[in-house]
Amino acid sequence: MADTYILAIETSCDETAAAVVRSGEQIVSNVVSSQIATHQPYGGVVPELASREHLRAIVPVVRKALSDAGHTYESISALAVTQGPGLAGALLVGISYVKALAFALDKPLIAVNHLEGHIHAVLLEERQKGNHEVTFPVLALVVSGGHTHLYLASQKGEGWSYQNIGHTRDDAAGEAFDKVAKLLGLGYPGGPIIDKLSLHGDPNAVKFPPSQIKNRDRRERNQPEEDRQRFDFSYSGIKTAVLRYVETHGLQSSIEERRRALSPEKPTLEDYLASCDRQTLNLIASFQRAMAEDLVSKTLSAARAYDVATLFVAGGVAANHELRQRFEREAAMEGLPVFFPSPPLSTDNAAMIAAAAYPKFLASDFAPADFSAEAGLALKGIA
Ligand code: KG4
Ligand code: ZN
């Protein structure tokens, strides 16, 4: 079969991204324009600013993805775009732009679920390394700023289908990293800096109680009994525990000082280290340890309960070094292969969207002309 070149666009949150991927297995170009500097002063993503920045960046980002790939609008086989979940206004920028392109070029257009994209980032990189075999059933943990979801993934012909067997009841894991970083005056996004600072603290210094999931999930009620075993997460408790620690140990004034010292210049790791005392570094390392322990132990319990053969860990938080090490160590003890995307493909990008679009291209599963953004789009069965 002839090579298929898919140009994909991703604008679901705070990265404007475009990429060209060949036949779902080779990244030909991958351009990501980050809006971190825009949102940093607010300590989180501001939806209206995100849409405005996507509008600014989309044309140059798409042009660069094509020129890096040595392609033109005419030479690509199909277009793909993230339909959701994400910020509605941000998604609409990518969708409106790609719809106009598809219409003008008369090319097929594929709508992709962002979470499916994260899962396909793993598959794309494995194929790129020459590993075309995945043993099913696969359990995928998608762990990002907006999601902490467990999916059983299976392949039916060219298509993929997904069953959700767990999700966070409150904050996503990445959101907890971001909120704790904001609370400690470390800026935004929190994950990468907490990851680096954790190496300098004692992860056993502060004990956090394990998360308690008390209420039954309302979504379970109408499901058949055999589908009910769920592995949900909860991360608002640990965020509150960090806040309580800050209050009871009188850390507020040093946090204010750090906030002033670290803004508005772009701080280096040395700047961060100079602004954090031992107690704070221990708190940070202990927080990360508790997060990694919880994510790994719940995912491995789910893997055992559903007797899966392979584990995928994807999404921004999958870039975390302690999470990766712990997954590798503990999954190996159970004889379970675990795959992660490389750190650049863990966070939002469009190569993963092009990769997820490829099986849909083969199945001629194209988007209808009237499709639109779906901020809360669920990931389910794919025909
Ligand atoms: O997948 P992603 O780029 O965007 C969403 O779909 O949300 O994930 C971004 C999230 C942020 O919460 C960020 O703090 C977190 O991933 N993150 C990390 C690391 N790198 C990014 N969390 C922990 N450790 C990291 N190294
Ligand atoms: Zn994402």
Side-chain angles (χ1 to χ4, degrees), residues 8-17 19 30 32-36 39-40 43-45 47 50 54 82-87 90-91 94 112-122 140-149 151 167-168 171-184 186-199 203 235 238-239 269 272 284-285 287-296 312-327 340-353 355-356 375-377 379:
I9 294 174
E10 150 68 40
T11 62
S12 67
C13 190
D14 60 345
E15 327 272 4
T16 315
N30 187 22
V32 179
S33 166
S34 169
Q35 304 177 358
I36 284 177
H39 302 291
Q40 219 148 26
V45 178
H54 285 309
T82 306
Q83 182 180 12
L87 302 170
L91 289 162
V112 175
N113 183 304
H114 182 81
L115 302 175
E116 188 176 21
H118 276 300
I119 293 170
H120 280 258
V122 181
L141 170 68
V142 182
V143 61
S144 70
H147 299 89
T148 307
H149 280 50
Y151 293 101
H167 60 82
T168 180
D171 292 351
E175 196 178 349
F177 272 92
D178 294 338
K179 286 179 174 169
V180 164
K182 187 176 179 183
L183 175 68
L184 297 176
L186 297 169
Y188 174 85
I193 189 61
I194 287 182
D195 195 358
K196 292 192 187 86
L197 293 175
S198 286
L199 294 169
Y235 295 117
I238 190 165
K239 173 195 67 190
L269 181 59
Y272 281 106
I284 291 167
F287 163 75
Q288 177 167 293
R289 170 66 52 91
M291 293 297 293
E293 269 175 4
D294 190 77
L295 285 163
V296 172
F312 285 5
V313 184
V317 183
N320 185 272
H321 85 274
E322 187 166 355
L323 186 72
R324 292 169 96 99
Q325 282 170 0
R326 186 167 282 268
F327 258 122
F340 307 88
S342 63
L345 246 64
S346 297
T347 48
D348 288 349
N349 65 86
M352 67 186 197
I353 303 301
L377 186 65
L379 180 56

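No hydrogens, no waters, no symmetry mates; every other heavy atom, side chains included, goes into these values. Start at 1 with the first residue, then count along the sequence. Just follow the structure's listing: the first ligand is 1, and inside any ligand the first atom is 1.
When each atom of ligand 1 is checked for a heavy atom of Asp178 under 4.0 Å away, the hits are 11 (C), 12 (O), 13 (C), 14 (O). Taking a cut-off of under 4.0 Å to the non-hydrogen atoms of His118, the atoms of ligand 1 that pass are 1 (O), 6 (O). Close approach to Gly174 involves these atoms of ligand 1, each under 4.0 Å from a residue heavy atom: 12 (O). For ligand 1, the atoms sitting less than 4.0 Å from at least one non-hydrogen atom of His114 are 6 (O), numbered in the order shown with element in parentheses. For ligand 1, the atoms lying closer than 4.0 Å to a non-hydrogen atom of Gly146 are 7 (O). Near Thr347, the atoms of ligand 1 lying under 4.0 angstrom from a non-hydrogen atom of the residue are 3 (O).
For atom 18 (C) of ligand 1, the nearest protein heavy atom (residue, atom name, distance) is Gly191 CA, 3.4 Å. Looking at atom 10 (C) of ligand 1, its nearest protein heavy atom turns out to be Gly145 N, 3.4 Å. For atom 20 (N) of ligand 1, the closest non-hydrogen atom of the protein is Gly316 O, 3.5 Å. In terms of protein heavy atoms, atom 26 (N) of ligand 1 is closest to Asp195 OD2, 2.9 Å. Considering only non-hydrogen protein atoms, atom 24 (N) of ligand 1 sits nearest to Asn320 ND2, 3.0 Å.
Not a single heavy atom of Cys13 sits less than 4.0 Å from an atom of ligand 1.
Expressed to the nearest 0.5 Å, how far OG of Ser33 lies from CD of Glu15 amounts to 8.0 Å. The line from NE2 of His54 to OG1 of Thr11 is 5.0 Å long, rounded to the nearest 0.5 Å. Note that OH of Tyr151 is 4.5 Å distant from CG of Leu115, once rounded to the nearest 0.5 Å.
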Practice problem: Kindly indicate, with the supporting measurements, whether the criterion side chain to side chain contact (heavy atoms under 4.5 Å, CB included) is fulfilled by Ile9 and Thr82. | Solution: CA-CA 7 Å; Ile9 294 174; Thr82 306; over 6 Å; no
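Here the rule is side chain to side chain contact (heavy atoms under 4.5 Å, CB included) with Val317, and of Leu141, Leu323, Thr148 only Leu323 fits it.
Here 3 is the count of protein N, O or S atoms positioned under 2.8 Å from the Zn ion (ligand 2), waters not counted.
Between Ile238 and Met291 the shortest side-chain heavy-atom distance falls below 4.5 Å.
Checked by atom type and distance alone, the side chain of Asp14 never pairs as donor or acceptor with a backbone atom of Gln35 at under 3.5 Å. Proximity of a side-chain donor or acceptor of Asp294 to a complementary backbone N or O of Ala292 within less than 3.5 Å is not detected. Side chain of Asp195 to main chain of Gly191: no donor-acceptor pair is present (N/O by atom type, distance under 3.5 Å, no hydrogens or angles). Judged by distance alone, with hydrogens and angles left aside, the side-chain atoms of Arg326 form no donor-acceptor pair with the main-chain N or O of Val296 at under 3.5 Å.
Every residue two or more places apart in sequence or in another chain was checked for a side chain to side chain donor-acceptor pair (under 3.5 Å) with Tyr272, and none qualifies.
Of all the heavy atoms of Asp348, the ones lying under 4.0 Å from any atom of ligand 1 are found in both the backbone and the side chain.
Between Phe287 and Phe177, the ring planes are perpendicular. Angles over 60° get that label, and only those under 30° would be called parallel.
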